[in-house]
**Q** 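Once you've had a glance at the structure underneath, I'll fire off some questions.
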Amino acid sequence: MDLRPRLTLAMIIYIARRLTQGVVVLLAVSLICFIIFRYAGDPVVTLAGRYATLQEREMVRKAFGLDRPFYIQYTRFIANAAQGNFGKSFVSRVPAFGLIIERFPATVELATSAIFISFVLGVGLGVLVSLKPYALRNRFIMAGSLFNISMPTFLTGILLIMVFAVYLKVLPPFGRGETVTIGFWRTGFLTWSGITHLILPAFTLGMYQLAVLLRLTRAGMREVLTEEYIKTAWAKGLPPMKVIFKHALRNALIPVVTMTGLQFGELIAFSIITETIFQWPGMGNLLLTSIYESDQPVIVTYIMLAALIILSLNIIVDILYAYLNPKIRYD
Amino acid sequence: MNNHSHLLLVQELKTYFYTFEGVAKAVDEISFYLDKGETLGLVGESGCGKTVTAMSIMRLIPEPPGRIAHGQILFEGANLLELSMKHMRAIRGKRISMIFQEPMTSLNPVFTVGDQISEMFVLHQNLSKREGWEQAVEMLRTVQIPSPEKRVHEYPHQLSGGMRQRAMIAMALSCNPEILIADEPSTALDVTIQAQIIDLMMQLKEDFDAAIMLITHDLGVIAEIAQRIVVMYAGKVVEEGQTLAIFEEPKHPYTRGLLKSIPKLGERSRYGRQRLQEISGIVPSLYELPPGCSFCPRCPESMAMCQERVPELVDIGEAHRVRCWLY
Ligand SMILES: Nc1ncnc2c1ncn2[C@@H]1O[C@H](COP(=O)(O)OP(=O)(O)O)[C@@H](O)[C@H]1O
Ligand SMILES: [Mg+2]
């Protein structure tokens, strides 16, 4: 007997439809990127150099196909982009994609730690608070979360650095610490120094999400706990752990998981402020430098990658949502 | 009266709710009993404390705002109100189980029917998950759900209201409980489905040899199946007796009112409910009960003294008791 939910035809069609939508959105983003790339400033000047003669410029225009019609150029841009080829950085003269990918692990590890911390603490505290909403301790937690939501990231970061790095001197104030390279992936998870360096930036990045997830979990749990099926669960004689963590939390988690997934994409894509405060060698930091230096290929690569990540996560979240919510899965 | 001779004996139970508006005496000194294998009807209009009575027996009153302020609930002689939560959990679902009014919302929407039924076997009979599922299929078969092997994998929203209530019954009966409390099990369903559910419950009651406490505001349902009836009004028992006695000679004006509002067979469909005689007025708010008999403001036979003093429950015949100044 199969005890697990099965992958149904309806679900396969659902996933296929979401993937198609994703591709369409990605194409739209690429078109915008292409227009920025092609028309914000003349690429011929950039490629041939400021002091090239008219003839040289014409040669470059021909050689790079910049004299061809718009749609042919765009198709080539797409074909290149699909292979991760967005041209070379104007500043460092190496492929932009390589530059970004090199910084990718640092950002992913930071965002993953942040989302992990905020999910575990947010859901845990949210459940705790929902069980006794009027207890003094829980009122403090709620007030704290409100404080957190209204505090800007840079302030959180600076306060954490002041307390834990400057005053208590228990955690390093900036950088990524020692890393270990496995294949193309440079990880900070495997060294003690890497982990201690991760703590403050991860908390800074995840603090806001923690508060949001806490409040979402609490609201969801309070609503679910008044449902009839929870009375049924108690009436069955189930122990509190089963009633709360199986019957109630599973229902309350549906919006929380959706939110977490969506926020994860945003944390990866927009960790710029945190990375800057902690001098974290990630994509956000690179993007900021590239914007100062008008390094278009790097910016475009970043935008495309961010779009891809956010879209993929959106699709994963939708599938997860369908998995958690049988009503969607079967309709 | 020997306390141990009854399967369930509720004595002077008071369950109060402490709210901003004041104290709601939802259940106010109720006493009744339930014998082995018996079917007892608990009737009264909506809001008179039937569900609170049932939830008190299960010890599922939300605290706060609720509290069982006084009384005893003896189950085979042991007071449920004095049990630890751990011992109470071993009784809930296993020896006393309950089904609720709303089949639409009383099953958890994110778990399959099989998951929810098998949970009972895993919890109370130490079966493995797999064995629990096999038993769940058997239970679905018992409650006459067609192709149970398939249905066991379905989610509540894939079942009709009647089927969900059958699944609830399957769940409630899965551990062979001694008492089944059914809180308006058919009220939310279509008339034809209602009859099917009641028939099913009565048939299973024989097979499983359980005592049933059937809560309803519809005396018509009770007439066919209950041996005894307890009539409640505003948290108090107003009349209690054998079904036959109460139907032939209702004593309390409230009971008479309820009886007049039963639709006759056929009338229900042809003319609808508007031809029925309803009791005039509405159930009073528990926060502003009159000082005397609670039913007095609506009573066609009220007297001067009814407004002043609450009548006692008095014996007026063989196991027939009534709370009214007329007797
Ligand atoms: N959670 C609660 N909080 C406050 N009052 C309640 C609560 N539950 C029930 N009551 C009170 O108990 C009264 C009886 O309710 P109930 O037992 O559900 O009636 P019914 O006979 O329709 O099942 C209600 O009118 C209400 O005043
Ligand atoms: Mg009720």
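Below, read A as the first sequence line, B as the second, and so on, with proteins coming before strands; counting in each chain starts at 1. Predicted model only: the values in this text are computed from it and were never measured.
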**Q** Who wins among B:S106, B:S97, B:G93 for the most heavy-atom pairs under 4.5 Å with chain A?
**A** B:S106
**Q** When you look at CZ of A:F140, are more than 12 heavy atoms from neighbouring residues, nucleotides or ligands closer to it than 6.0 Å?
**A** no
**Q** What parts of residues 230-238 of chain A touch chain B if we use heavy atoms and a cut-off under 4.5 Å?
**A** A:K231, A:T232, A:W234, A:A235, A:K236, A:G237, A:L238
**Q** Go through the structure and list residues passing side-chain hydrogen bond (donor to acceptor under 3.5 Å, both in side chains) with B:K36, not counting sequence neighbours.
**A** B:D209
**Q** Less than 4.5 Å to any heavy atom of chain A: does that hold for the side chain of B:M88, its backbone, both, or neither?
**A** neither
**Q** Does any heavy atom of chain A fall under 4.5 Å from the side chain of B:L107, the backbone, both, or neither of them?
**A** backbone
**Q** Tell me if the OH atom of B:Y18 is crowded by more than 12 foreign heavy atoms within 6.0 Å.
**A** yes
**Q** Please determine, among B:I181, B:D115, B:T105, B:I91, the option with the most heavy-atom pairs under 4.5 Å with chain A.
**A** B:T105
**Q** Are B:E119 and A:K246 ion-paired here, with the side-chain N under 4.0 Å from a carboxylate O?
**A** yes
**Q** Counting only heavy atoms not in B:E138, do more than 12 sit closer than 6.0 Å to its CD atom?
**A** yes
**Q** In the structure I gave you, are the side-chain heavy atoms of A:R250 and B:F111 within less than 4.5 Å of one another anywhere?
**A** yes
**Q** Looking at B:K94, B:M168, B:M171, B:Q101, which has the largest count of heavy-atom pairs under 4.5 Å with chain A?
**A** B:M171
**Q** For the OH atom on A:Y229, are there more than 12 heavy atoms of other groups (residues, nucleotides or ligands in this structure) within a distance under 6.0 Å?
**A** yes
**Q** Heavy-atom count check: over 12 atoms from other residues, nucleotides or ligands less than 6.0 Å from A:L320 CG?
**A** yes
**Q** How close do B:V110 and A:L324 get, heavy atom to heavy atom, and via which atoms?
**A** CG1-O, 3.6 Å
**Q** Determine whether more than 12 heavy atoms belonging to other residues, nucleotides or ligands lie under 6.0 Å from atom CZ of B:F75.
**A** yes
